[in-house]
2 protein chains.
Amino acid sequence: MDTTVGLRERKKAETRQAVHEAALRLAVEHGLDAVTVEMIVDAANISRRTFSNYFAGKEDAVLYGEEQRIRRLLELVRAQPPGMTAWQALRRSVEEMYHLEGEPVREWAVRTRLARRHPALLDRQLGNLAGLERDLADAIADRESTVPPAVTAAAFLVALRLATHTWTEEDEARTLLDVVDETLALMARPFT
Amino acid sequence: MDTTVGLRERKKAETRQAVHEAALRLAVEHGLDAVTVEMIVDAANISRRTFSNYFAGKEDAVLYGEEQRIRRLLELVRAQPPGMTAWQALRRSVEEMYHLEGEPVREWAVRTRLARRHPALLDRQLGNLAGLERDLADAIADRESTVPPAVTAAAFLVALRLATHTWTEEDEARTLLDVVDETLALMARPFT
DNA sequence: AGGCAAACTTTCCCACTGCGCATATATTTG
DNA sequence: CAAATATATGCGCAGTGGGAAAGTTTGCCT
């Protein structure tokens, strides 16, 4: 391992983050379609072309935070002790995620609400989730489970998505974790 | 009700279908990104501007068939006799869909494979599914079920998606309906 | 330090897309 | 059959994506 992150990479990450934040702020403020790339690059002090070096479009810039979260969750799952079943590893990872992130969860809700208003964003978000589903399935492939990894991963993510939805709708009366638990329990019930 | 569909509307639908087919064919042939709108309109014998009157972009043109399928499935669900539980109505509708469509299922697999190669397409496809999920939840809201409609709809669509995936991967050894059945059964199993 | 190579950013530049507007053409209705 | 209505087309503009080349910053080696 190399603790030297390197100045170059640090600056790059910094820029990316700055662009992302500018994009998100502007999108929340004016609505996504009213935001042009020029506004973003202007707010982030980079050239129009450089933007394209970092993101393929405004949507990607706005959703960059989401991707980071996804990567983190994935690593948490991979880091779970091998004794756990697939399902346990997933559940535990969300808990850790929840405690790790702490308050930013609220800002995450903002992004979710924003996405609901803009189909293009929603689509890309779902695409990201699909990618996560694949990676999650791989990550839990070696663990004990009553069903194939792909099914486990899919069911888990659906529960997570539904839970987030109802959570944002009921104005955070309960904690997100509680809603997730309940939804997971519902998913496990047989359908007839 | 007005049995007169009107010549105008018929021609319109015809044009839309023609554009769709041209787009799909070209996309499969050259890959989506290598296809420009001009190629499509050229193949469909309409003007560049007219294309925009029908579709917002090439992706929409390619996925038009999918949207049609979605609408049809939705109507099938709505048409199920009221006695059925939510789950039964859904299952029955897929069966009917399967028998109704007959062979085109194969051409549907083509679209699926195509989508897998082009993230933009996949995203939009997932977006369409999300829309269907909402509509399905509404459509089964009044039926008997052990879980909320949203959960039922989500679980059902996930099963459908997973089943289609494995089905296209195993080269259609079994019938799609069988794979769906199996996946639905797996989904119903408890996770621990 | 000094200097070189690789990586990154910027400036031009052009093709593609989405869409508004005015106009021409076709369909329906009374 | 003529007026009302809806659709198709051509033109043009703003926004986007991405290639090429020149300038700048960073990493590394002597």
Side-chain angles (χ1 to χ4, degrees), chain A residues 1-20 22-24 26-27 29-64 118-124 127, chain B residues 1-20 22-24 26-27 29-64 67 117-124 127:
Chain A
M1 274 293 179
D2 192 344
T3 103
T4 305
V5 205
L7 170 60
R8 183 173 272 162
E9 312 223 354
R10 222 178 321 136
K11 270 190 144 182
K12 215 174 152 181
E14 202 174 299
T15 302
R16 202 184 299 269
Q17 190 67 26
V19 175
H20 160 61
L24 183 58
L26 288 174
E29 198 165 327
H30 304 98
L32 181 65
D33 344 77
V35 174
T36 73
V37 178
E38 288 193 23
M39 296 187 210
I40 301 176
V41 303
D42 175 54
N45 274 328
I46 57 170
S47 84
R48 169 67 182 76
R49 190 59 181 81
T50 298
F51 176 89
S52 288
N53 291 341
Y54 280 97
F55 299 104
K58 8 175 195 179
E59 294 87 4
D60 301 68
V62 171
L63 291 181
Y64 175 63
H118 300 278
L121 270 192
L122 191 69
D123 288 359
R124 217 162 209 111
Chain B
M1 271 293 180
D2 192 344
T3 106
T4 306
V5 205
L7 171 61
R8 181 176 276 163
E9 311 223 353
R10 223 176 323 135
K11 270 191 146 181
K12 209 174 157 184
E14 202 173 301
T15 303
R16 201 185 298 270
Q17 190 68 25
V19 175
H20 161 59
L24 183 58
L26 288 174
E29 198 165 327
H30 303 99
L32 181 65
D33 347 74
V35 174
T36 72
V37 178
E38 289 195 21
M39 294 186 212
I40 301 176
V41 302
D42 175 53
N45 274 328
I46 57 168
S47 85
R48 170 66 182 77
R49 189 57 183 83
T50 300
F51 176 89
S52 288
N53 291 341
Y54 281 96
F55 299 105
K58 13 176 192 178
E59 294 88 3
D60 301 69
V62 171
L63 291 182
Y64 175 62
E67 276 183 30
R117 296 213 187 296
H118 300 277
L121 271 193
L122 191 70
D123 289 359
R124 221 169 206 104

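Below, chains carry the letters A, B, ... as their sequence lines are ordered, and counting in each starts from 1. Only this structure's heavy atoms are used, side chains among them; waters, hydrogens and symmetry mates stay out.
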- Message: Quick check on contacts: within residues 54-62 of chain B, what sits under 4.0 Å from DNA chain D by heavy-atom distance?
- Response: Tyr54(B)
What is the distance, to the nearest angstrom, from the [atom1] atom on [X] to the [atom2] atom on [N]?
X: Asp42(A); N: dG15(D); atom1: CG; atom2: C1'; answer: 16 Å
X: Arg48(A); N: dG17(D); atom1: CZ; atom2: P; answer: 6 Å
X: Glu14(A); N: dC8(C); atom1: CD; atom2: P; answer: 15 Å
X: Asn53(B); N: dG10(D); atom1: CG; atom2: P; answer: 12 Å
X: Ile40(A); N: dT16(D); atom1: CD1; atom2: C1'; answer: 12 Å
X: Asp33(A); N: dT16(D); atom1: CG; atom2: C1'; answer: 15 Å
X: Glu38(B); N: dG10(D); atom1: CD; atom2: P; answer: 12 Å
X: Phe51(B); N: dG18(C); atom1: CZ; atom2: P; answer: 7 Å

Contact summary for [X] and [Y], nearest pair of heavy atoms:
X: Val35(B); Y: Ile40(B); value: CG1-CG1, 3.8 Å
X: Ala120(A); Y: Glu59(A); value: CB-OE2, 4.2 Å
X: Leu32(A); Y: Lys58(A); value: O-NZ, 3.5 Å
X: Tyr54(A); Y: Lys12(A); value: OH-CG, 3.2 Å
X: Val62(B); Y: Ala27(B); value: CG2-CB, 4.2 Å

- Side chain of Ser47(A) (C-beta onward), nearest among dT11(C), dC19(C), dC8(C): dT11(C)
- Query: Under 4.0 angstrom, heavy atoms only, what part of the nucleic acid is Thr50(A) near: base, sugar-phosphate, or nothing?
  - Reply: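 Base: the residue Thr50(A), judged by heavy atoms under 4.0 Å, touches a nucleobase.
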- Message: So if I define the base as every atom that isn't primed, P, OP1 or OP2, how would nucleotides 19-30 of chain D read as a B/S/- string at a heavy-atom cutoff under 4.0 Å?
- Response: B-----BBS---
All N/O donor-acceptor pairs, side-chain side in residues 44-53 of chain A, below 3.5 Å, sequence neighbours left out:
unit_1	atom_1	unit_2	atom_2	d
Ser47(A)	OG	Arg49(A)	N	3.4
Ser47(A)	OG	Thr50(A)	N	3.2
Ser47(A)	OG	Thr50(A)	OG1	3.0
Arg48(A)	NH1	Ser52(A)	OG	3.4
Arg49(A)	NH1	Asn53(A)	OD1	3.2

- Message: Distance check, rounded to the nearest 0.5 Å: Asp33(B) atom CG versus His118(B) atom NE2?
- Response: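 Answer for the CG-NE2 pair, Asp33(B) versus His118(B), is 5.5 Å.
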